[in-house]
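Everything on this sheet refers to the single structure shown next.
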There are 2 protein chains.
Amino acid sequence: MGRAIQSIERAAGILRLLSGRTRRLGVVDIAGELGLPKGTVHGLLRTLQQVGFVEQDAETGKYQLGAALLHMGSSYLDGNELRTRALNWSDSLATRTGEAVRIGTLHDAQVLIVHHVFRPDDSLQTLDVGSLLPAHATGLGKVLLAHHPYVANELYRDGLSAFTPATISSRKGLERELEKVREQGWAADIGELVQGQASCAAPIIDRRGLTVGAMGIVGACERLLEDGGPRGDLLTYVREAARSVSRELGAIPW
Amino acid sequence: MGRAIQSIERAAGILRLLSGRTRRLGVVDIAGELGLPKGTVHGLLRTLQQVGFVEQDAETGKYQLGAALLHMGSSYLDGNELRTRALNWSDSLATRTGEAVRIGTLHDAQVLIVHHVFRPDDSLQTLDVGSLLPAHATGLGKVLLAHHPYVANELYRDGLSAFTPATISSRKGLERELEKVREQGWAADIGELVQGQASCAAPIIDRRGLTVGAMGIVGACERLLEDGGPRGDLLTYVREAARSVSRELGAIPW
DNA sequence: GCGCTGGTTCGGCAATGTCAAACCAAGTTC
DNA sequence: GAACTTGGTTTGACATTGCCGAACCAGCGC
């Protein structure tokens with residue numbers, strides 16, 4: 001891996017920092033966190049501001065992410081083949097199952113949601129597109145991890161945080177779970193991220209045979225489960241939908 | 001305005017370029033467009049790739065935007081006060097009017113959509129959040145332009161492109177229209193961006209009295225209009241909703 | 001008034017990124 | 001199948017660039 005341009009690396013570090021914390025950050029906060037002199041950070045921030053990647057609060061002088069990033073994020077989605085190919089299938093999956101549908105891909109050992117269809121009742125729901133979810137506690141994530149052993153190893157190194165009592169937080173436990181996922185071709189999470197909420201997902205394969213994404217549904221346990229596992233009919237719908245998308249991406253046409 | 005860091009400016013230029021074109025771009029394309037040597041561009045692209053802002057297609061070697069931008073874009077939304085404050089009001093506006101609701105703010109003399117509530121029937125609709133709309137051909141845009149004369153002047157300089165026969169494309173015409181908008185406190189567009197589609201919008205004011213955004217509805221002409229203008233009841237709902245958001249942002253509590 | 005804290009400015013030094021030229025792999029053409 | 005094109009990648013020398021520490025200034029709290 002060759003040399004990288006220092007100022008851009010640092011600028012990216014600032015943006016990553018700002019996108020982590022929800023509250024605005026000041027020059028010294030950032031400088032401290034990144035171990036850089038504040039003069040330097042100020043210079044970086046100024047140019048980031050000029051190109052619209054950060055904005056400065058007029059009153060407090062503190063910085064936050066800028067509007068240009070929103071537009072670029074949505075442009076990313078437009079060019080994302082996984083998402084565009086999956087659009088139709090995810091809509092029909094949502095109506096068939098009556099649940100919310102999400103499509104995710106791996107990013108930094110987490111699940112990045114690239115598409116989200118609301119549950120087809122009129123209840124208020126917040127859009128998850130762009131969110132990063134923990135990989136070891138979601139159906140989407142388990143599917144992806146099962147086919148990316150290298151990423152899984154990264155996770156083991158950093159430790160598996162527990163979100164509920166049901167979260168799989170031991171290396172052994174997750175290894176066994178992923179093995180099962182590889183065998184059966186789908187994954188579920190039962191209250192492992194949020195109490196009373198379950199999800200299940202299946203892999204999306206591209207023309208090279210790589211698992212480039214996962215597609216699944218999320219919803220309340222009482223609707224999704226039976227006999228301690230996901231309802232068979234829902235599972236079939238999910239797997240069929242994921243397979244359809246895979247076929248459209250050019251995977252072997254079963 | 002001081003000097004900016006060259007490499008970051010250039011990197012931002014690359015990203016802007018990539019977010020414009022939908023198809024992937026190669027090193028020489030970018031180098032040509034930006035007037036830079038291709039070696040330089042390659043170095044920039046490599047570091048942008050390392051930080052996840054661009055991705056390289058394994059087969060063609062061409063570049064596209066990266067996933068990190070999607071997450072940052074959504075983080076921007078989380079921190080955006082205009083949007084968070086407007087969340088509740090926009091939902092209720094959508095149910096009251098039965099139309100799709102959009103909230104926008106100015107960005108580079110265009111309207112950046114920061115929130116979008118679908119029309120409350122089950123029809124398929126695509127999310128517009130993150131899109132940039134032309135300011136002179138939408139209700140949202142006109143409201144914003146009316147209170148940002150400097151930006152309006154920028155537009156005049158660059159020329160007003162016409163999207164339909166109804167688009168206001170002369171300087172004189174737009175000046176008169178904006179004057180009307182300032183007087184009446186709301187703006188409409190009638191088939192000026194898309195044939196058969198209309199929109200109307202009202203300003204959102206912050207605690208300093210600045211127009212920081214606009215809120216409005218979009219829909220088919222036959223539903224939104226009567227007697228050659230927006231339906232009075234819908235207009236009232238829109239204006240009330242925008243005023244509610246303004247009040248929540250700390251504008252004078254009328 | 002004094003001492004914080006925190007954002008901004010400045011100028012000298014050298015590390016840093018830029019550039020042109022060379023390289024290499026894949027297609028195309030004849 | 002050789003010569004040519006196209007386009008992504010590598011290299012190294014040069015001087016521009018941006019980094020850094022210290023100084024500056026404004027707003028607060030005591």
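Source: prediction; values computed, not measured. Per chain, numbering begins at 1; letters A, B, ... match sequence-line order.
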Test of understanding: with side chain to side chain donor-acceptor pair (under 3.5 Å), list the residues that count as partners of [X], not counting sequence neighbours.
X: A:Ser161; value: none
X: B:Glu55; value: none
X: A:Arg24; value: A:Gln64
X: A:Glu240; value: none

Take atom [atom1] of [X] and atom [atom2] of [N], then tell me their distance rounded to the nearest Å.
X: A:Arg24; N: C:dG7; atom1: CZ; atom2: C1'; value: 16 Å
X: A:Ile5; N: C:dT18; atom1: CD1; atom2: C1'; value: 9 Å
X: A:Gln50; N: C:dT8; atom1: CD; atom2: C1'; value: 14 Å
X: A:Leu45; N: C:dG6; atom1: CG; atom2: P; value: 15 Å

Checklist entry - By ring pair (Phe, Tyr, Trp, His ring centres under 6.0 Å), which residues pair with A:His116, not counting sequence neighbours? => result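 Applying ring pair (Phe, Tyr, Trp, His ring centres under 6.0 Å) to A:His116 gives A:Phe118.
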Checklist entry - With A:His115, which residues qualify under ring pair (Phe, Tyr, Trp, His ring centres under 6.0 Å), at least two apart? => result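 Scan of A:His115 (ring pair (Phe, Tyr, Trp, His ring centres under 6.0 Å), adjacent residues dropped) gives none.
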Checklist entry - Taking the nucleotide of DNA chain C with the closest heavy atom to each, which residue, A:Gly26 or A:Ser7, is nearer the 5' end? => result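 Checking each residue's closest nucleotide, the 5'-ward one belongs to A:Gly26.
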Checklist entry - Quick one: on DNA chain C, does A:Val27 or B:Leu44 contact a more 5' nucleotide (nearest heavy atom)? => result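 That would be A:Val27.
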Item to check | Any residue meeting side chain to side chain contact (heavy atoms under 4.5 Å, CB included) with A:Asn153, in chain and number order, not counting sequence neighbours | outcome: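 Checked A:Asn153 against side chain to side chain contact (heavy atoms under 4.5 Å, CB included); matches are A:Tyr156, A:Arg171.
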Item to check | With sequence neighbours excluded, residues passing side chain to side chain contact (heavy atoms under 4.5 Å, CB included) with B:Ser75 | outcome: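 With sequence neighbours excluded, B:Ser75 shows a side chain to side chain contact (heavy atoms under 4.5 Å, CB included) to A:Ser19, A:Leu65, B:His71, given in chain and number order.
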Next on the checklist: Can you tell me if A:Arg10 touches the phosphate of C:dG17, counting only side-chain N or O atoms and a distance under 4.0 Å to OP1 or OP2?
Outcome noted: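 No, no such contact exists.
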Next on the checklist: Using salt bridge (charged side-chain N to carboxylate O under 4.0 Å, His left out), reason through B:Glu9 and B:Arg16 one step at a time and then give a plain yes or no.
Outcome noted: CA-CA 10 Å; B:Glu9 272 186 327; B:Arg16 218 174 307 137; over 6 Å; no
Checklist entry - Does any N or O in the side chain of B:Asp158 come within less than 3.5 Å of the main-chain N or O of B:Leu155, such that one atom is a donor and the other an acceptor? => result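 Not a single qualifying donor-acceptor pair exists.
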Checklist entry - Which ones in residues 55-67 of chain B lie close to DNA chain C, meaning a heavy atom under 4.0 Å from one of its atoms? => result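 Those residues whose heavy atoms fall under 4.0 Å from DNA chain C, taken from residues 55-67 of chain B, amount to none.
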Quiz: residues 139-147 of chain B side-chain donor-acceptor pairs under 3.5 angstrom, not counting sequence neighbours:
unit_1, atom_1, unit_2, atom_2, d
B:Lys142, NZ, B:Glu177, OE2, 2.9
B:Lys142, NZ, B:Ala188, O, 2.7
B:Lys142, NZ, B:Glu192, OE1, 2.8
B:Lys142, NZ, B:Glu192, OE2, 3.3
B:His147, ND1, B:Val143, O, 3.0

Item to check | Positional range of nucleotides in DNA chain D within the contact set of chain A, heavy-atom, under 4.0 Å | outcome: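 First and last nucleotides in contact are D:dC19 to D:dG21.
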Give each protein N/O atom lying under 3.5 Å from an N/O atom of nucleotides 9-15 of chain C, with the pair distance.
none

